**Student:** 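After the structure tokens below, expect a handful of questions from me.
Nothing here was measured: the structure is a model prediction, and the numbers come from that model. Hydrogens, waters and symmetry mates are skipped; everything else that's a heavy atom, side chains included, is used.
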Amino acid sequence: MTTKQRTRTNNNGQGDTDRYGINSYATWALNTGEYADLVLSADYFRQDISTKANEIKQTGKYNTFGLGASIEIGKQFSFENRDLSWGPWYRHTWIEPQLQLSYYWLSGKKYKLSNKGLKVNIKDDDSLIGRAGLVIGTKWNYGENYGSIDKRFVQAYIKGGVKHDFLGNYKVSLNDQIFSKNIGKTTGYYGVGLDWQAAGSTRFYMQLEREHGSHYTKEYEVSVGMKYQF
């Protein structure tokens, strides 16, 4: 995944981040709609930045890594008055409230900008994010009736909610000058998505999401991928 950053007040600061990671999932679910998801992640980041100091362009780059864990619980309520006890893959429209708690640790890094005179020291960063959200969607299955149990499906959904970072302590030093700020804020997010269960164990997905809050905006993020269940 590639992310582009820029300062909001001017165009003097901008950057590109390439992220490569691996996630492991564990899921518990009931046919009545309750579920819990546990995710463990490990990521490698490659950052390129450019800025201006006294109207002189400065560039720099560094690599770092991060580790994370999250747990999400929720319940899916179906709008259809049908018996879903034989499987959640049958066609229906649903609404799903969610709660999630995520922790992430990002390793700090020391590097120099292109003029070699400006030394940057980014401290380790910890975040603990709570999320409350709601998803509304509809699902179409491949089976023609109850007697045709075909686990393949296609579903579309919209989502929205709020997040809050309970830590968000950010600390960086430029030469001997230290900048420290608690950036833990409450933000709102919204988006749309599409899932395709192409086979019993193979699933493709696409998602578009945007997040906005005080002093923070994540422009539209597009995620496309495949999940294979063992």
**Student:** Distance from Lys139 atom NZ to Thr93 atom OG1, nearest 0.5 Å?
**Tutor:**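 It is 11.0 Å, given to the nearest 0.5 Å.
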**Student:** Take His164 and Ile129 through the test side-chain contact (heavy atoms from CB on, under 4.5 Å) and record every step on the way to the result.
**Tutor:** CA-CA 5 Å; His164 182 77; Ile129 299 176; over 6 Å; no
**Student:** How many angstroms lie between CD1 in Ile71 and CG in Leu40, if you round to the nearest 0.5 Å?
**Tutor:**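 CG of Leu40 is found 10.5 Å from CD1 of Ile71.
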**Student:** Are Tyr220 and Val224 linked, directly or through other ILVMFWY residues, by side chains that come within less than 4.5 angstrom of each other?
**Tutor:**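 Same cluster.
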**Student:** Do Tyr44 and Arg19 come within less than 4.5 Å of each other through their side chains, counting heavy atoms only?
**Tutor:**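 The answer is no, as the side chains (C-beta and beyond) never meet within the 4.5 Å cut-off.
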**Student:** If every non-hydrogen atom of Ala156 is compared with every non-hydrogen atom of Leu194, which pair is closest and at what distance?
**Tutor:**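 The pair with the smallest heavy-atom distance is CB-CD1, 4.0 Å.
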**Student:** Would you say Met206 and Leu208 are hydrophobically clustered, going by side-chain heavy atoms of ILVMFWY under 4.5 Å?
**Tutor:**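 In one cluster with Met206: Leu208, yes.
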**Student:** Do Leu167 and Leu101 belong to the same hydrophobic cluster, where Ile, Leu, Val, Met, Phe, Trp and Tyr are linked whenever their side-chain heavy atoms lie under 4.5 Å apart, directly or via other members?
**Tutor:**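 Yes, because Leu167 and Leu101 connect within a single hydrophobic cluster, where side-chain heavy atoms sit under 4.5 Å apart.
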**Student:** Is any side-chain N of the basic residue among Lys159 and Glu96 closer than 4.0 Å to the acidic one's carboxylate O?
**Tutor:**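 No.
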**Student:** Looking only at heavy atoms, what is the nearest atom pair of Phe166 and Gly130, with distance?
**Tutor:**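 Reported closest heavy-atom pair: CE1-N, 3.7 Å.
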**Student:** Which pair of heavy atoms, one from Ser78 and one from His92, lies closest together, and at what distance?
**Tutor:**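 Between these two residues, the closest heavy atoms are OG-ND1, 3.2 Å.
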**Student:** Do Glu34 and Trp28 have side-chain heavy atoms sitting under 4.5 Å apart?
**Tutor:**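 Of all side-chain heavy-atom pairs linking Trp28 with Glu34, at least one is under 4.5 Å.
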**Student:** If you compare all heavy atoms of Phe204 against all heavy atoms of Ala198, which two are closest, and at what distance to 0.1 Å?
**Tutor:**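 Scanning both residues completely, I find the closest heavy atoms to be CE1-CB, 3.8 Å.
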**Student:** In terms of hydrophobic clusters joined by side-chain contacts under 4.5 Å, are Tyr190 and Val192 together?
**Tutor:**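 The answer is yes; both residues are in one hydrophobic cluster.
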**Student:** Between Trp94 and Gln155, is there a side-chain heavy-atom distance shorter than 4.5 Å?
**Tutor:**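 Yes; the side chains approach each other to less than 4.5 Å.
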**Student:** Judged by atom type as modelled, is there a donor-acceptor pair below 3.5 Å linking the side chain of Ser223 to the main-chain atoms of Gln207?
**Tutor:**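 Absent.
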**Student:** List the steps, then state whether side-chain contact (heavy atoms from CB on, under 4.5 Å) holds for Ser102 with Arg131.
**Tutor:** CA-CA 8 Å; Ser102 304; Arg131 179 180 68 86; over 6 Å; no
**Student:** Would you say Trp105 and Ser127 make side-chain contact, with heavy atoms under 4.5 Å?
**Tutor:**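 In short, these two side chains do not touch, never coming nearer than 4.5 Å.
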**Student:** Does atom CZ (Arg46) have a neighbourhood of more than 12 heavy atoms from anything else shown, all under 6.0 Å?
**Tutor:**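 Incorrect, the count does not exceed 12.
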**Student:** What's the shortest heavy-atom distance between Ser70 and Gln100, and which atoms?
**Tutor:**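 Looks like OG-NE2, 3.5 Å.
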**Student:** Verify the distance criterion only: is there a donor paired with an acceptor across the side chains of Tyr25 and Asp37 at less than 3.5 Å?
**Tutor:**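 No - no donor-acceptor pair under 3.5 Å links their side chains.
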**Student:** Has Lys227 got its NZ or CZ under 6.0 Å from the middle of the six-membered ring of Tyr205, at an angle within 45 degrees of the ring axis?
**Tutor:**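 Yes - Lys227 lies over the ring of Tyr205, closer than 6.0 Å to its centre and within 45° of its axis.
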**Student:** So if you build clusters from Ile, Leu, Val, Met, Phe, Trp, Tyr with side-chain heavy-atom gaps below 4.5 Å, do Leu134 and Ile158 land together?
**Tutor:**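 Same hydrophobic cluster.
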**Student:** Between Arg152 and Trp196, is any pair of side-chain heavy atoms under 4.5 Å apart?
**Tutor:**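 SC-SC contact between Arg152 and Trp196 ruled out.
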**Student:** Would you tell me whether Tyr104 and Asp43 have side-chain atoms, one donor and one acceptor, within less than 3.5 Å of each other?
**Tutor:**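 Looking only at side-chain atoms, Asp43 and Tyr104 do form a donor-acceptor pair, the distance falling under 3.5 Å.
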**Student:** State, yes or no, whether a side-chain contact exists between Phe45 and Leu106 at a heavy-atom distance under 4.5 Å.
**Tutor:**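 The answer is yes, as the side chains (C-beta and beyond) meet within the 4.5 Å cut-off.
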**Student:** Minimum heavy-atom separation for Asn23 and Ala42, please, with both atom names.
**Tutor:**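 Distance-wise, the nearest heavy atoms are OD1-N, 4.5 Å.
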**Student:** Is the closest basic N to carboxylate O distance between Asp195 and Arg203 below 4.0 Å?
**Tutor:**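 The answer is yes: the pair qualifies as a salt bridge.
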**Student:** Under 4.0 Å between a Lys/Arg side-chain N and an Asp/Glu carboxylate O for Glu211 and Lys163?
**Tutor:**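 Lys163 and Glu211: salt-bridged.
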